[in-house]
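Written out below as structure tokens is the structure these notes cover.
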Amino acid sequence: MSRIEQRVESPDELHRPGRWIALSVLVLAVLLVAIDATVLGLATPFLTEDLEPTGTQLLWIGDVYSFVIAGLLVSMGSLGDRIGRKKLLLCGATAFGAVSVLNAYAHTPEMMILARALLGVAGATLMPSTLALIRNLFHDPRERSLAIGIWGAMASAGAAVGPVVGGLLLEHFWWGSVFLINLPVMAVLVVVGAKMIPESRNPAHGPWDLASVGLSFIGMIGVVYAIKELAAHGPSWGNIAAGIGGVLALCWFVRRQLTLPAPLLDMRLFHHRGFSGAVLADLLTILGLSGLVFFLSQFLQLVQGRGPLEAGLAELPAAVGAVVAGLIAGRAARRFSVRSVVTGGLAAIGLALAAVTLIHRETAYPLLGAVLLVVGVGAGLAFTVTSDVILSSVPKEQAGSAGAVSETAYELGAALGIALLGSIVTGVYQNFDTPHGVPPGPAAAAHESLGGAVEAAHGLPAQQGQALVSAAQESFVEGLGFAAGVGAAVLLATAVAAWFLLRGQKLEDGIVHQ
């Protein structure tokens, strides 16, 4: 860690004119990328009917976007430090809009998976750039905490706003419309951002090491794929090999970073207990939030029979909780302590997940709404404060790399929330007993996914179809409860770990520069 140097700053340096307008543009990018991570939750039944993906393909459509972003964030954060964060942001926004069209008009499951992966590549250029630019726009630590609070609130809320946006669009248009909404937003971002956002980069950067880029990508994808497949289908030579290959690639990546004069990621940052604890809390906060939102979207529609818009609005308490908590998180961390706020946020998510184990098909909305509100509040507190800790722990020249670490934790958490918890849901779901008399074809389709069961039931006699759907719904709820129990145990254990890892950690108060 670099030595902290004290110096007096001019008012223009300390309070850059137009910084709040610039922040609003950056927040727009974050909100859109976060929304895209969960907007497919409500579109899943429509997409399933149109593209007819298998259960495995459906999971890949849901999580490949986050996997690719997680694999590329470190590389893109470092690239922004080198070529300029504003330049990377605007190029990424343009690409994000263009690839959204490909997503909207995908006509096969394979094309949809490829389009989602390309959207992840574009998204990876946006996320670390936004956080790094905030680090350079706001030099007053208290203002920066508020700015990160707004950024964090939008990042957390985006996961919950996605279903609402999706619901509104799906009430009136086909499922591809959830991607086309990206076009006008990205157009505004490029036009306003080009004028209002100042450029920043690391003046002492070295070359962009392509070998490190490849190692980080291969390592992240290998590890995440292995976890996903292991949870869904148990151990096999394929996923074990992928996991070992991913771990070896990440070990090689770390070893290479320690020898490079200008590494993609300064691994020495992780020697700081508070930095490492914040990254861990970051990851598992989003794991709990994204996993819950993704599968409650299907529960509300396919189990309780709500329409897309009604289901989206039902998940709004998570967004409200995240926004409110994100805005007060920095002040709360200074008044009490960083570890108490982060631990409290993680514990809140864990307890909310524990409550999900109690739901059944007829569970009334007040309990579901309360669970979502608590998850949102917990995510807003924990994610905002940990992002502030991560960003303020490094010199501003390394803001892109630090932002990439925070965003890698965010996207990896989103991916694992869907993949790990989703694979548990799928594994339990597929074991339900087929009602007597259901033909093999519809029975096989029903065991692929809950959406497949609902679709298969349409071609059966009414009583037989109802029996099939009822059995599938019961199995889905059982799987959701089991996955929520696992998630609750992980989050509560992380809350305990955060209490010790973040001991003595504080947010900046004075005007200091690193």
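The structure presented is a predicted model; accordingly, all values stated were derived computationally and were not measured.
- Taking both residues in full, the closest heavy atoms of A115 and L102 are given as CB-CG, 3.9 Å, listed atom of the first, atom of the second, then distance.
- Once rounded to the nearest 0.5 Å, the distance linking CE of M111 with CD1 of I61 reads 12.0 Å.
- Under the 3.5 Å distance criterion, the side-chain polar atoms of N103 are matched with a main-chain donor or acceptor of V99.
- Heavy-atom minimum distance, L189 versus A93: CD2-CB, 3.8 Å.
- Atom OG1 in T494 sits 9.5 Å away from atom CD1 in I349 (nearest 0.5 Å).
- Annotation: side chain of L26 is in contact with side chain of L89 (closest heavy-atom distance under 4.5 Å).
- Nearest approach of L346 to A382, heavy atoms of both residues: N-CB, 4.3 Å.
- Ring geometry for Y105 against W174 counts as tilted: the plane angle lies between 30° and 60°, on a 0 to 90° scale.
- When side chains are defined from C-beta on, L146 counts as touching W20, because their heavy atoms get closer than 4.5 Å.
- Considering CZ of R306 and OH of Y365, their distance stands at 7.5 Å, rounded to 0.5 Å.
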Evaluate side-chain contact (heavy atoms from CB on, under 4.5 Å) for T386 paired with T285, printing each intermediate quantity in order. CA-CA 10 Å; T386 52; T285 294; 5.8 Å; no

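- Using a 4.5 Å cut-off on side-chain heavy atoms (C-beta onward), F275 and V389 make no contact.
- When all heavy atoms of L51 and A106 are compared, the pair lying nearest together is CD2-O, 3.9 Å.
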Could you tabulate the donor-acceptor pairs under 3.5 Å formed by side-chain atoms of residues 178-187, not counting sequence neighbours?
unit_1: N182; atom_1: ND2; unit_2: D36; atom_2: OD1; d: 3.4
unit_1: N182; atom_1: ND2; unit_2: D36; atom_2: OD2; d: 3.3
unit_1: N182; atom_1: ND2; unit_2: S100; atom_2: OG; d: 2.8
unit_1: N182; atom_1: ND2; unit_2: F179; atom_2: O; d: 3.3

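- Between I150 and L327, the closest side-chain pair of non-hydrogen atoms falls below 4.5 Å.
- Listed for the T125 side chain is no donor-acceptor partner under 3.5 Å among the backbone atoms of V121.
- Between A348 and V374, the shortest heavy-atom distance links the atoms O-CG1, 3.4 Å.
- For the atom pair CG (L215) and CD (Q257), the distance works out to 8.0 Å, reported to the nearest 0.5 Å.
- Put simply, CG on L491 and CG on L351 are 9.5 Å apart, with the number rounded to the nearest 0.5 Å.
- Put simply, the side chain of V279 reaches to within 4.5 Å of the side chain of I390, judged on heavy atoms.
- Of the possible donor and acceptor atoms, one in the side chain of Q304 sits under 3.5 Å from a partner among the backbone N and O of T363.
- Between L300 and A314, the shortest heavy-atom distance links the atoms CD1-CB, 3.9 Å.
- Expressed to the nearest 0.5 Å, how far CZ of R85 lies from CD1 of I134 amounts to 12.5 Å.
- The backbone N or O of V213 sits less than 3.5 Å from a side-chain atom of S216, completing a donor-acceptor pair.
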